[in-house]
Amino acid sequence: MNITCSHKMVLTEVHKLESEEDVAVALASYIYKLSGKFTASGTFSVVLSGGTLINTLRKLTEHPYVSSIRWSKWLIFFLDERVVPLDHPDSNFKLAYDGFLSKVPIPESNIYPIKENLSPEEAADEYEQRLKHLVTKNKLKASPATGFAKFDLMLVGMGPEGHVASLFCWHFQRFEKKKWVTFITDSPKPPPNRITFTLPLINSASHVAMAVTGEDAADAVKMALGKHANDHYPLPVQKVSPELSLTWFLDKEATSEL
Ligand SMILES: O=C1O[C@H](COP(=O)(O)O)[C@@H](O)[C@H](O)[C@H]1O
């Protein structure tokens with residue numbers, strides 16, 4: 001494991017693990033410990049990405065975690081979402097529900113999917129307003145440093161070209177500075193219509209765990225963590241810098257180019 005500190009004093013840990021199974025085991029243990037810390041005194045706000053991350057969470061649905069985590073204190077949000085009905089095969093909510101949320105006792109009222117039947121722009125605005133309302137009602141913390149909502153933990157996956165959430169390399173959404181949630185109608189990865197947390201919102205979180213597995217991710221992992229990381233036009237993943245800690249969970253294939 002490597003440990004470094006950036007100029008923002010973000011603790012960065014890199015766990016290079018043997019297999020995807022080892023990543024799932026290590027990620028569950030990490031989440032369990034953080035959950036214990038936050039739920040001892042309040043709620044635990046968790047943001048889920050879609051993609052392979054959801055399957056990597058599978059150990060949480062098994063013994064010993066399923067019966068020992070204080071699930072009733074969890075609040076669930078979505079890092080990005082495809083603008084499709086919630087029961088559509090492309091929906092990140094459906095993926096998360098089928099693979100994770102339906103298997104653990106988180107109260108339905110603590111889960112915050114996007115609203116259906118809105119345009120991408122309307123859906124992004126609606127989600128942002130809902131987050132702001134939750135901050136006003138003290139159901140979500142706010143970052144004193146940025147004023148954005150401060151989620152306790154974001155669980156983030158990465159696409160093979162280094163995208164995180166629905167922030168893609170050659171798309172302007174990655175440079176958004178003011179909005180909390182924005183939208184895209186020409187996503188290079190289908191489906192085209194999506195909403196996404198912006199980098200300032202992502203970087204206001206306390207903790208981010210990056211779970212990245214498989215050979216397809218190796219080039220982007222090299223760009224993000226290798227000696228010759230591209231500082232001139234960094235990949236979206238290289239701009240992830242939460243307030244307290246950034247923890248990478250990688251399998252052997254994902255680190256094969258390091
Ligand atoms: O489209 C998306 O892609 C990313 C990465 O997915 P993966 O399958 O390569 O892990 C995902 O994190 C994001 O939530 C999703 O909408």
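It should be emphasised that the depicted structure is a prediction, and the values quoted were computed from it without experimental measurement. Numbering of ligands and ligand atoms starts at 1, following listing order.
Cluster partners of V25 are absent, since no Ile, Leu, Val, Met, Phe, Trp or Tyr has side-chain heavy atoms less than 4.5 Å from it.
Once rounded to the nearest 0.5 Å, the distance linking OG of S91 with OH of Y97 reads 12.5 Å.
Comment: R58 engages E21 in a salt bridge, judged by a side-chain N to carboxylate O separation of less than 4.0 angstrom.
Screening residues 159-174 for side-chain hydrogen bond (donor to acceptor under 3.5 Å, both in side chains) gives D80-S166, E161-H163, S166-R194, R174-Y233 as the qualifying pairs, with residues at least two apart or on separate chains.
Near ligand 1, residues S49, G50, G51, T52, D80, R82, N92, G157, M158, G159, H163, A165, K189, R194 come within 4.0 angstrom through at least one heavy atom.
In this structure, K179 has no salt bridge (Lys or Arg N to Asp or Glu O under 4.0 Å) partners at least two apart in sequence or on a different chain.
D152 and S206 form no side-chain donor-acceptor contact under 3.5 Å, judged by distance and modelled atom types alone.
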